[in-house]
There are 2 protein chains.
Amino acid sequence: MRPKLTLKQIAKELDVSISTVSKALRDSSEIGEETREKIKAFAKFYNYKPNNIALSLKNRKTKTIGIIIPEIVHHFFTTVISGVEKVANEMGYNVIICLSDNSFDKEVINMEMLANGSTDGFIMSLAKETMQKGDYHHLIEAISQGMPLVLFDRVVDQILCDKVIIDDVLGAQKAVQHLVDIGCKRIALISTVDYVSVGKLRTQGYTLALEENDLEVDEDLILKIEEMEESEDKIERFLRDKEVDGIFAVNEHFAISAIKYLQEHGKRVPEDVSVIGFTDGELSKRFIPSLTTVSQHGTRMGEEAARILIEKLEKTPGEDEQYRTVIVETGLVKRNSTKSLK
Amino acid sequence: MRPKLTLKQIAKELDVSISTVSKALRDSSEIGEETREKIKAFAKFYNYKPNNIALSLKNRKTKTIGIIIPEIVHHFFTTVISGVEKVANEMGYNVIICLSDNSFDKEVINMEMLANGSTDGFIMSLAKETMQKGDYHHLIEAISQGMPLVLFDRVVDQILCDKVIIDDVLGAQKAVQHLVDIGCKRIALISTVDYVSVGKLRTQGYTLALEENDLEVDEDLILKIEEMEESEDKIERFLRDKEVDGIFAVNEHFAISAIKYLQEHGKRVPEDVSVIGFTDGELSKRFIPSLTTVSQHGTRMGEEAARILIEKLEKTPGEDEQYRTVIVETGLVKRNSTKSLK
DNA sequence: TTTCAACACGAAAACGATTTCGTGCCAGTA
DNA sequence: TACTGGCACGAAATCGTTTTCGTGTTGAAA
């Protein structure tokens, strides 16, 4: 086992001082050409690379950014991560990922861990539990310590920081409008509970679209689901006695559960009922019928978030504390779970 | 903006030396009770937390482990990550993730970055390009520097290190055996090219199962796919003029493409053709018909890999250089894409 | 011959923590 | 009185860098 080479060892080996080695490697004109070349040749030969930890300590920056997300086994989040990774890498940053598991405590612990010098800034999407509690002291703490924070997707108004979101209201509205356009009259909504911001906003979009088309908003046609696990049951019970010709669901899973139930009970999709989901994942693409969805462009969100964060990190601090909220446009990907426009 | 508290500041504030503060916070008996309590109270009040970077430098360990995987937008890898995360967190480790994008160069760069002090060890699955080139100098380099390495899934015999794999041969064999058991006679294989180890091994399993049942191995019934993008085309062309009653595919996507083609051409699954995939993802579960698959237990692989790595990290180095290869059992999850046993 | 700049390099501080080794003081003992 | 031994604390080294500020040598100008 050959341990890593350090400046000190090079210095001893070549019988010069540590400072000389450091300067030579950084091409300082202070060092004579001969010595400089000798040192550089030696370092190259033995593949010297400066120790990141020492550099981080010295420079007080780690060149790594921390991502904290509720879960990773979720297509949307992985696309965001790959977006972040991409621009982070291009800019010479590393990415360190922590999962909150949708637990408030884990989110706090992870954040405190990373805040103690491990990262220069954060990109986060909040845990469900955090939003429910409304306790954001850890975010405030980090910001007040001068760590830039970019929230995405699951954001919260009370926190002043940069944000990358999609226009959930508009996305939902466009989806429901499309259902109206293809002739649906009784459109159901399958959403999550309101304290998850996206649930609330997408519900707003749904309502808005109906109102704009002078359709009545019937509370009976709205289902709010709390736990992923109970979703299939709830959706079955919900659809059992309803006559609907359109369904807007706030994610792929709800949409597919609905389709399954419908098909098992003699309804055809899209002939009898048109269904639209939210978030464009593998499932939507390959399900039969393939799903019409609102696409969230996770990769773009990740790229955007990383760009904003790094920009903040590289700017001299103090000046111009402006926070931006970037809205990434949603698209409606039309596939086979909706009738085509007449 | 209030910058982070350091030992030095506490020392100045309380008019004691830095060493005293450090010792007091670590409950050293060297420090008088009164002083100790005073310091601890102060630190607690201002929420002092030691700087990770400084600790890393001092202790020469970072308490973080690096994961390098080919891609993250892939259900199997995310389950592995969440497994690693879980046990890493329990043991007080952080996880830093890098993506190689299946590129050899990116893999090398990422690895060198992380090896310069950022992590204590690696958990990796090799990039396709790396396996193709057969160039593993970066792995050897890391190992020779004393960084433990655990390979999983896409591993390679030439490298001496711990490994976590599934028994691809057996998994495939069991799958094909099941097809035989339910009465299939002409079983096709849709696989990836051989230099990806899993492609080769699963092909072996396929062959083995056929031979054991005295069925002929017909090269005409074997398709090897190089690029994900061309898979649908290739599968369609492959199936066009074939009479098969069973298909074993080495991943979900190939399986589903096959089913799609069959259904569009008047065959029923599973009545006319039974299909089995490999890797149990969201898609398999929710596709209609839901897919019978060989489940890889990614979470368990991640947990296992993390456990092995951390064990290595916490053992005093030098002694007992034994490398293990853990084989995680596969399971056959029977769903609706295969006929049931008579 | 003296003086001074330029050159080439080294010493030391700093980043934030831990730890070893002193050291000053006081009480107790011979 | 002189010595010993705790006690409570501080100084300094250390981890691996970078960077500021010397400092000794040389050659040229005065």
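Computation of the quantities below employed the complete heavy-atom set of this structure, encompassing side-chain atoms and omitting hydrogens, waters and symmetry-equivalent molecules. Source: prediction; values computed, not measured. Labels below follow one simple rule: chain letters A, B, ... track the order of the sequence lines, proteins then strands, and each chain is numbered from 1.
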message: Going by the rule salt bridge (Lys or Arg N to Asp or Glu O under 4.0 Å), which residues pair with A:R324 if we only count those two or more places apart in sequence or in a different chain?
response: A:E311
Restricting to nitrogen or oxygen on both sides, can you table the protein-nucleotides 14-17 of chain C pairs closer than 3.5 Å?
| unit_1 | atom_1 | unit_2 | atom_2 | d |
| --- | --- | --- | --- | --- |
| C:dC15 | OP2 | B:K8 | NZ | 2.9 |
| C:dC15 | O3' | A:R60 | NE | 3.1 |
| C:dG16 | OP1 | A:R60 | NH2 | 2.9 |
| C:dG16 | N2 | B:A54 | O | 3.4 |
| C:dA17 | OP1 | B:Y48 | OH | 2.8 |
| C:dA17 | OP1 | B:N51 | N | 3.0 |
| C:dA17 | OP2 | B:L7 | N | 2.6 |
| C:dA17 | O5' | B:Y48 | OH | 3.3 |

task: Determine the contact category for A:S56: base if any of its heavy atoms lies under 4.0 Å from a base atom, sugar-phosphate if only primed atoms, P, OP1 or OP2 are that close, otherwise nothing.
output: nothing
message: Restricting to side chain to side chain contact (heavy atoms under 4.5 Å, CB included), what partner residues turn up for B:T6, sequence neighbours left out?
response: B:K8, B:Q9
message: Less than 4.5 Å apart, side chain to side chain, heavy atoms only: is that true for B:I39 and B:L25?
response: yes
message: Rounding to an integer number of Å, can you tell me how far B:R36 CZ sits from D:dA8 P?
response: 9 Å
task: Among residues two or more places apart or on two chains, list those pairs meeting ring pair (Phe, Tyr, Trp, His ring centres under 6.0 Å) that have a residue in residues 90-111 of chain A.
output: A:F104-A:H138
- prompt: Quick one: bend of the helix from C:dT1-D:dA30 to C:dA30-D:dT1 from 5 pairs per end, to 10°?
  reply: 100°
task: Go through the structure and list residues passing salt bridge (Lys or Arg N to Asp or Glu O under 4.0 Å) with A:K63, not counting sequence neighbours.
output: A:E314
query: Short question: side chain of A:N116, backbone of A:E112 - any donor-acceptor pair under 3.5 Å?
result: yes
query: Rounding to a whole Å, what distance do you find between A:D15:CG and C:dA8:P?
result: 19 Å
query: Any side-chain hydrogen bond (donor to acceptor under 3.5 Å, both in side chains) pairs touching residues 300-310 of chain B, not counting sequence neighbours?
result: B:K86-B:E303
Expected list for residues 143-155 of chain B: side-chain donor-acceptor pairs under 3.5 angstrom, two or more places apart:
| unit_1 | atom_1 | unit_2 | atom_2 | d |
| --- | --- | --- | --- | --- |
| B:S144 | OG | A:R2 | NH2 | 3.0 |
| B:S144 | OG | B:E141 | O | 3.0 |
| B:Q145 | NE2 | B:E141 | OE2 | 3.0 |
| B:D153 | OD1 | B:Q296 | NE2 | 3.3 |
| B:R154 | NH1 | B:N102 | OD1 | 3.2 |
| B:R154 | NH1 | B:L126 | O | 2.9 |

Ring pair (Phe, Tyr, Trp, His ring centres under 6.0 Å) against B:H74, all qualifying residues, sequence neighbours excluded: B:F77
statement: By nearest-nucleotide position on DNA chain D, the 5'-leaning member of A:T20 and A:Q9 is A:Q9
- line: Between CG of B:L14 and C1' of D:dG10 the distance, given in whole Å, is 15 Å
message: By the ring pair (Phe, Tyr, Trp, His ring centres under 6.0 Å) test, which pairs, at least two apart or in different chains, include something from residues 36-71 of chain A?
response: A:F42-A:Y46
Could you list, one pair per line, each protein nitrogen or oxygen that sits under 3.5 Å from a nitrogen or oxygen of nucleotides 20-28 of chain C, together with the distance?
| unit_1 | atom_1 | unit_2 | atom_2 | d |
| --- | --- | --- | --- | --- |
| C:dT20 | O4 | B:K23 | NZ | 3.3 |

statement: Residues passing the salt bridge (Lys or Arg N to Asp or Glu O under 4.0 Å) test with A:K12, sequence neighbours excluded, are none
